[in-house]
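In each ligand, atom 1 is the first atom listed, and ligand 1 is the first ligand listed. If you read the sequence from its start, that first residue is 1, and numbering goes on from there.
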Amino acid sequence: MAGVSSFRSTLSRAARGALAGLLAAFTALAVAELVAGLVRPAAGPVTVVGGAVIDRTPAAVKDFAIRTFGENDKAVLRLGILAVLAVIAVGLGILTLSHRRAGAAGVLLFGIAGSAAALSRPDSTGIGDALPSVAGTLAGALALYVLASKAVLATAPAVADGQEATGSWNRRGFLAAAGVTAVAAASAGALGRFLTGRQGQGAVASRNTLVLPAPASPAPAVPAGVQLKVPGISPFTTPNADFYRVDTALTVPKVDAGTWRLRIHGKGVTRPRTYTLDQLLARPLIERDITLTCVSNEVGGPYTGTARWLGVPLAELLKEAGVRPPSRGGQADQLVARSVDGMTLGSPVEDVMDGRDAMLAVGMNGEPLPFDHGFPVRMLVPGLYGYVSACKWITDIELTTFDTYDPYWVKRKWARKAPIKTQARIDTPQPFARPAAGTISIAGVAWAQHRGITRVEVRIDDGPWQDADLAPQAGIDTWRQWSYPWKATPGGHTITVRATDGAGAVQTEQRTRTIPDGASGWHSVFVTVP
Ligand SMILES: Nc1nc2c(c(=O)[nH]1)N[C@H]1C(S)=C(S)[C@@H](COP(=O)(O)O)O[C@H]1N2
Ligand SMILES: [Mo]
């Protein structure tokens, strides 16, 4: 016990202040989480601040984050926000011991920042979104006030006889208050989490009970041999669990299929309509293998994948709404898709209606769309990068023009139009591999969606280009596997690959960044043969 009491007495004034600040911040977050759980989980302060940060991050930094942290980018952002908050909270706690007003002002600033972030989000549903931040601020301010007062008492110097006892009594008072605060805040936070989880349960149930109808037009049979038997090559069909995910959603929207609606309206729409999911599922569905690629994919990067999608042909819905493509006199040249989380993506109406398999997808590899990939409905337009076509959690389609409206990414300097660039990727050997001398298989995938791949060539060091063996083409909207048997000789070697698309264009050597309309250049891998 002596150890404990001496620990208590050496707990310095600064440490008490720091603890008061941290606990106040924890209380603020926990209460905000609780209120968000009651009101709207997406309005929680860490989520809205993170979202506001994402919205304002320059494209280059966002690209860097995706490249560096990959799919952990959101976790890193969350941790970053919490770390910054913790540091400021410690400072604020210490400051409050001597300057009450400054402490109060600091807490107030947090409240304003959180509320502003909440209201600035594109998916904000109104002033109520500030409620979690406001409630959190009030709770945090109260906790800071009480704890700072106790901390000051606990460190007050003994001025007269008999004050020793009072001093230790006050120290105990501070620790008790800190303990009570910690437990109360943790309980509020846990309850908030529970409520948030429960709100998503309707959506989860609606997904579990959704039965996908059989397609009226099944996917064309995939020729035997699209999957080469080379270890290390990407599978022709990417399993849902391995499919890349790129979006701005800090909390994945959990949409209840039963209450979901899709509205189609705008320029040239003579019959605006709102669809339920059942109405869409009652229509003839198509099933297609399509490769989706992100514009943020570096040469040789992982943000591309192929799935068997089931969906409603989008051009049919547009025709029924009275929409005509610009080439047939239509007034709208841009289709803006809007998601439940306020994301906007714009596609050329001409491309959507030119006969390709643009669809509102409901199924992915034989199951309803996973929440991460847009449940209950997402858009897909073969041949276009995801950011100009593949709206997840879609809820609104507006026909407009490129001149009058810039969607989310275009406002952030990405190109208005972005057909996918021809790319070939070496999956095996991996960079800096050390394969044994002898014949080894170099292999990978090449894609040029909606044009198809007709040739892939491999070059070793500065040697001549050699034709790779191509797996059969499943369709012009999917990637194509290739392999090349290489007689590896000892030494360091650079393997380079390039593809030719169905229009006869050879993939350009010219390296460009991902911004503004996708990376170009040849993928190469350096290996050492011992
Ligand atoms: N609602 C919404 N849809 C979105 C995005 C987004 O941020 N929000 N990102 C787009 C981008 S940039 C890409 S590449 C694809 C990725 O789809 P996936 O995550 O299913 O692979 O979704 C697109 N649809
Ligand atoms: Mo993307």
Side-chain angles (χ1 to χ4, degrees), residues 42 47 50-51 53-55 57 59 62-63 65-67 70-71 73-74 77 121-123 234 237-255 260 262 290-298 301-309 311 335-347 358-365 367-397 407-415 417-421 423 447 449 479 513-519:
T47 301
V53 170
I54 292 176
D55 288 348
T57 305
K62 210 176 303 188
D63 231 39
I66 292 179
R67 243 186 354 261
E71 311 214 341
D73 56 347
K74 296 183 182 74
L77 177 61
R121 297 289 301 137
D123 63 336
S234 319
T237 301
T238 315
N240 289 354
D242 300 338
F243 207 95
Y244 81 92
R245 173 183 164 210
V246 171
D247 56 56
T248 59
L250 271 174
T251 47
V252 174
K254 291 268 170 66
V255 180
W260 176 87
L262 173 73
I290 297 170
T291 301
L292 180 63
T293 305
C294 180
V295 71
S296 292
N297 194 51
E298 297 284 331
Y303 299 127
T304 182
T306 303
R308 178 160 288 189
W309 307 93
L335 178 157
V336 172
R338 189 179 298 271
S339 70
V340 299
D341 64 337
M343 171 55 67
T344 50
L345 311 184
S347 324
M359 66 165 94
L360 294 175
V362 292
M364 182 178 185
N365 290 331
E367 56 170 303
L369 289 177
F371 287 107
D372 281 357
H373 297 291
F375 182 84
V377 180
R378 78 174 304 167
M379 207 173 113
L380 288 174
V381 184
L384 307 183
Y385 283 118
Y387 86 103
V388 288
S389 64
C391 187
K392 306 194 272 189
W393 316 292
I394 192 172
T395 186
D396 188 284
I397 288 179
Y408 185 92
W409 297 104
V410 176
K411 287 197 185 95
R412 289 159 179 82
K413 307 240 168 31
W414 294 82
K417 296 185 183 175
I420 296 173
K421 295 183 180 176
Q423 279 288 316
W447 61 87
Q449 288 91 317
W479 59 17
R513 310 173 58 197
T514 57
I515 304 166
D517 64 353

Requested in this report: For the residue pair W447 and W479, categorise the inter-ring angle as parallel (less than 30°), tilted (30 to 60°) or perpendicular (more than 60°).
Outcome: tilted
Report summary line: Chain-and-number sorted residues having a heavy-atom contact under 4.0 Å with ligand 1 are F243, Y244, R245, V246, D247, T248, L292, C294, S339, D341, M343, L345, H373, R378, G386, Y387, A390, C391, K392, W393
Query raised in the report: Residues two or more places apart in sequence or in another chain: which of them pass side chain to side chain contact (heavy atoms under 4.5 Å, CB included) with A307?
Result: F243, W309, M364, N365
Requested in this report: Using side chain to side chain contact (heavy atoms under 4.5 Å, CB included) as the criterion, list what pairs up with D372, not counting sequence neighbours.
Outcome: R245, V252
Report task. Might you work through the side chain to side chain contact (heavy atoms under 4.5 Å, CB included) test for L369 and V362, ending with a clear yes or no? Result -> CA-CA 6 Å; L369 289 177; V362 292; 5.6 Å; no
Query raised in the report: Do side-chain atoms of S347 reach the backbone of V388 as a donor and acceptor pair under 3.5 angstrom?
Result: yes
Query - ring-ring contact (aromatic ring centres under 6.0 Å, His included) involving Y385 - partner list, sequence neighbours excluded - result: none
